[in-house]
Amino acid sequence: MYAFVSLISSWAIPIMIVFIPLYAAYRKVPVYESFVDGAKEGFDTAIKIIPHLVGMMVAISVFRASGAMEMMTGWLRPFFHSLGVPTEILPLAILRPITGAGSLAFTTDLIEQFGPDSMIGRIASTVQGSTDTTLYVITVYFGSIGIRKAGYALKVGLISDLVGFIASIIICFLVFA
């Protein structure tokens, strides 16, 4: 079964790259012109989201440089320590909804320090895979299309990140402890 899935995975993208232009040509769609038009729209979108990205990067830098992240993890450490949860992963819980690159760098540091097969490495990897960069997504995607009222999306996104974090810890303890 694994060999079959691996075979499909390795051939899926090359087949799509060949099939889609051939099908478009069969349907008389101007493939190259459509591609160029899409690239122009992508460039315009990139220009629109630059201010949102700069604002988000400045906010992340201020959050980390001000000591707010350390203060938040300091408040949470006693609670997580009493539950037996490794407190080294707390900054990841705070960073993950804010920045993908920052949380990936932190996860990489945890894995290098404690090892990929340690409980900390496994929880960090699971958190990285089961949560999202909610604030980044809302900033970039909503900002690029002009949505200004994102309150409900923000609440749902942060709640889902919290659930993903808690579920990652529970699953890792159930499977690997």
Side-chain angles (χ1 to χ4, degrees), residues 2 5-6 9 12-13 42 45-177:
Y2 176 76
V5 171
S6 180
S9 297
I13 292 177
T45 302
I47 296 298
K48 287 179 188 175
I49 67 172
I50 286 175
H52 302 283
L53 285 173
V54 170
M56 190 67 184
M57 286 190 280
V58 168
I60 292 166
S61 298
V62 168
F63 179 71
R64 293 185 78 187
S66 70
M69 185 171 74
E70 287 78 18
M71 185 175 65
M72 289 177 71
T73 57
W75 291 339
L76 296 172
R77 278 187 204 286
F79 174 71
F80 279 90
H81 184 71
S82 69
L83 295 176
V85 176
T87 57
E88 292 83 359
I89 62 168
L90 286 177
L92 181 60
I94 295 169
L95 279 176
R96 184 65 180 145
I98 300 171
T99 171
S103 64
L104 183 59
F106 189 79
T107 299
T108 303
D109 289 343
L110 287 175
I111 290 172
E112 286 177 359
Q113 185 177 358
F114 297 101
D117 291 331
S118 67
M119 185 58 78
I120 293 171
R122 289 176 174 173
I123 292 172
S125 298
T126 308
V127 167
Q128 189 72 20
S130 43
T131 58
D132 203 356
T133 53
T134 302
L135 297 176
Y136 175 84
V137 167
I138 288 175
T139 300
V140 173
Y141 297 140
F142 284 26
S144 69
I145 59 174
I147 295 175
R148 299 286 176 233
K149 295 181 179 180
Y152 291 117
L154 178 63
K155 290 173 192 170
V156 169
L158 291 176
I159 289 170
S160 67
D161 287 334
L162 178 63
V163 169
F165 181 73
I166 293 168
S168 297
I169 293 169
I170 292 170
I171 289 169
C172 285
F173 272 105
L174 288 175
V175 173
F176 300 114

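Please read these numbers as outputs of a predicted model, since none were measured by experiment. Both backbone and side-chain heavy atoms feed into the values below; hydrogens, waters and symmetry mates do not.
Here the straight-line distance linking atom NZ of Lys155 with atom CG of Leu158 works out to 10.5 Å at 0.5 Å rounding. If you take CD1 on Ile169 and CZ on Arg122, they are separated by 15.5 Å, rounding to the nearest 0.5 Å. Annotation: the span from Ile123 atom CD1 to Ile89 atom CD1 amounts to 4.5 Å, rounded to 0.5 Å. Interatomic distance, CD1 of Ile98 versus OG1 of Thr134, reported as 10.0 Å (0.5 Å rounding). How far CZ of Phe114 is from CG of Asp109: 10.5 Å, rounded to the nearest 0.5 Å. From Phe106, atom CZ reaches atom CD of Gln128 across 11.0 Å, with rounding to the nearest 0.5 Å.
Looking at residues two or more places apart in sequence or on another chain, you find a side-chain contact (heavy atoms from CB on, under 4.5 Å) between Ala124 and Leu92, Thr107, Leu110. With sequence neighbours left out, the side-chain hydrogen bond (donor to acceptor under 3.5 Å, both in side chains) criterion links Thr73 to no other residue. Residues passing the side-chain contact (heavy atoms from CB on, under 4.5 Å) test with Phe142 are Ile138, Ile147, Ala150, Ala153, sequence neighbours excluded.
Atom CZ of Phe79 has 12 or fewer heavy atoms from other residues, nucleotides or ligands within 6.0 Å. In this structure, Ile47 places its CD1 atom where more than 12 heavy-atom neighbours from other residues, nucleotides or ligands lie under 6.0 Å away. Crowding of Tyr136 atom OH: a count of heavy atoms from other residues, nucleotides or ligands under 6.0 Å not exceeding 12. When the shell of 6.0 Å around CE of Met69 is examined, it contains more than 12 heavy atoms from other residues, nucleotides or ligands. Crowding of Tyr141 atom OH: a count of heavy atoms from other residues, nucleotides or ligands under 6.0 Å not exceeding 12.
Gly121 and Ser118 get closest at one heavy-atom pair: N-OG, 3.0 Å. For Ser130 against Ser168, the heavy-atom pair with the smallest separation is OG-OG, 2.8 Å. For the residue pair Cys172 and Thr126, the shortest heavy atom distance occurs at SG-OG1, 3.3 Å. The two residues Glu88 and Pro91 make their nearest non-hydrogen contact at O-CD, 3.5 Å.
Leu154 is listed as a side-chain neighbour of Leu135, based on a closest heavy-atom distance under 4.5 Å. Side chains of Ser160 and Asp132 form no contact here, defined as non-hydrogen atoms less than 4.5 Å apart.
Between the side chain of Asp161 and the backbone N or O of Thr133 there is no donor-acceptor pair closer than 3.5 Å.
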- Message: Walk me through whether Met119 and Phe173 qualify under side-chain contact (heavy atoms from CB on, under 4.5 Å).
- Response: CA-CA 8 Å; Met119 185 58 78; Phe173 272 105; 4.1 Å; yes
